[in-house]
Number of protein chains: 2
Amino acid sequence: MARSTHTDRDFPQAGHDHAACIDEALAAAAEVCRLSGARLTELRRQVLLLIWDSHAPVGAYQLLDKLSRDGRTAAPPTIYRALDFLSGQGLIHRIESLNAYVGCRDPRRPHVGQFLICRECGTAAELEDAEIAGTVRARCADADFEMHHLTLEVLGRCPGCRRTGPGQADR
Amino acid sequence: MARSTHTDRDFPQAGHDHAACIDEALAAAAEVCRLSGARLTELRRQVLLLIWDSHAPVGAYQLLDKLSRDGRTAAPPTIYRALDFLSGQGLIHRIESLNAYVGCRDPRRPHVGQFLICRECGTAAELEDAEIAGTVRARCADADFEMHHLTLEVLGRCPGCRRTGPGQADR
DNA sequence: TCATGAATGCAACATTATAACATCGAAGAT
DNA sequence: ATCTTCGATGTTATAATGTTGCATTCATGA
Ligand SMILES: [Zn+2]
Ligand SMILES: [Zn+2]
Ligand SMILES: [Zn+2]
Ligand SMILES: [Zn+2]
């Protein structure tokens, strides 16, 4: 099997072909919306693109700033509605521990978000680990708890930042 | 082995002896602070008690209201400083997906928080599951990711609420 | 062309959290 | 006992994040 710029499980590398990430995200978004009958309007597409500026989760008001710089009129509801839509289509995820939003790597398949987030460079990697999901489900079953939604966010230091400098750990 | 009002893994029951929970929490807090040399002042003790009003995570401004009703002068920094202290001592946890705070069941042992949270009654149960923690750690190791902090929050419906009424699932 | 409903613009507001600085008070040093 | 010091608390203002309600626009189909 051909290996793309990064495999499913890799942490996004510093020098990777991010244009490919963006292309793939847009293509996936178009397909997902077509299948669900939802309308991927220009505004929503624009916001999705801004989120995909990088693999680092970005705040709603940062997105607002970016939108404004792009010449759009933009007030908070503008961005929050777009975020609601994109999140509803599974095209982005909210990172609860950061109040921020990040693009989904594989919106075609339904999944819970599991994230590794680097405190230094901000980059977030999305996992889709069946073993973690299975263990959590099993524990919920043990407790007779009906699971609706899982938030799993690991904060730490990514491979790239570990190589760069082991000394200056935080902030 | 004797079974206390609830075992470590149980979801807090509707009719359990909550006074015992509170007593235990206060005793644990006193011990933890004594060992760490931190000062569990009257204000901090009061806030910890208010958090232990129930097993449902409570917001900072709700705590403020409670404090005010108790006759304390209270502004946001009052409560946030107390929350920082209690959280620093491991006596409470912040629930990221709710912007709320809940008492820790076992502050004497260091641990990451893993929570099952009921959308209906608000009750949160804290897990300390080694298998979940181990799997997450293993996946981080696979990804060459240095894990600092884990946020794991499961939203769903608790055993009690499931028994009450399976129909009205949400909201 | 017109009716309809979804999407967006816009103003105000609600909620959550922090910064900056003044004051108080416990605990040890003199 | 008094002083000193530093952590804890009080107070005001403000930042950051998110929502409500209503007017307007726009795509879509009758
Ligand atoms: Zn990329
Ligand atoms: Zn990094
Ligand atoms: Zn209890
Ligand atoms: Zn419940």
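All values below come from the heavy atoms of this structure, side chains included, with hydrogens, waters and symmetry mates left out. Quick caveat, the model's predicted, so the values are computed rather than measured. In the text below, chain A, chain B and the rest are named by the order of the sequence lines, each starting its count at 1.
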- Once you round it to whole Å, what is the distance between P of D/dG10 and OH of B/Tyr80? 17 Å
- Task: Can you figure out which of D/dT11, C/dG9, C/dA11 approaches the side chain of A/Pro77 most closely?
- Result: C/dA11
- Item | B/Leu40 CG - C/dA26 P separation (whole Å) | 15 Å
- Taken to the nearest whole Å, CD/B/Gln62 to P/C/dA14 is 17 Å
- Message: Taking only side-chain N and O atoms of A/Thr41, does any of them lie within less than 4.0 angstrom of OP1 or OP2 on C/dA7?
- Response: no
- Roughly, in whole Å, what's the span from CD1 in A/Ile95 to P in D/dA16? 21 Å
- Message: What verdict does the side-chain hydrogen bond (donor to acceptor under 3.5 Å, both in side chains) test give for B/Thr151 and A/Glu96, after you've listed the backbone C-alpha separation in whole Å, the side-chain angles of each residue and the deciding distance to 0.1 Å?
- Response: CA-CA 9 Å; B/Thr151 298; A/Glu96 300 289 348; over 6 Å; no
- Message: In the structure I gave you, are the side-chain heavy atoms of A/Ile51 and A/Leu86 within less than 4.5 Å of one another anywhere?
- Response: yes
- Item | Length of the CD1-P vector between B/Ile79 and C/dT15, whole Å | 17 Å
- Item | Considering all heavy atoms, the nearest B/Ala74-B/Ser68 contact | CB-OG, 4.0 Å
- Task: Return no unless some side-chain N or O of A/Arg94 is found under 4.0 Å from OP1 or OP2 of D/dG18.
- Result: yes
- Item | Base of C/dT15 and ring of B/Tyr61 stacked, centres under 5.5 Å, planes under 30° | no
- Query: In whole angstrom, what separates A/Tyr101's OH from D/dA16's C1'?
  - Reply: 12 Å
- Note on the structure: Rounded to whole Å, CD of B/Gln46 lies from P of D/dA8 at a distance of 17 Å
- Message: How many whole angstroms separate atom CG of B/Leu98 from atom P of C/dA17?
- Response: 11 Å
- Phosphate OP1/OP2 of C/dT8: any A/Arg44 side-chain N/O under 4.0 Å: yes
- Is a side-chain donor-acceptor pair under 3.5 Å present for A/Glu153 with A/Ser97? yes
- Query: If you find the nucleotide of DNA chain D closest to A/Arg39 and the one closest to B/Arg81, which residue's nucleotide is nearer the 5' end?
  - Reply: B/Arg81
- Query: When you check the phosphate oxygens OP1 and OP2 of C/dG9, does a side-chain N or O of A/Thr73 lie under 4.0 Å from one of them?
  - Reply: yes
- Item | 5' priority, DNA chain C, between B/Asn99 and A/Arg72 [closest heavy atom] | A/Arg72
- Task: Specify the closest pair of heavy atoms between A/Phe11 and A/Pro159, including all atoms of both residues, with the distance to one decimal.
- Result: CG-CD, 3.8 Å
- Query: Taking the side chain of A/Pro76 as its heavy atoms from C-beta onward, which of D/dG18, D/dT9, C/dT18 lies nearest to it?
  - Reply: D/dG18
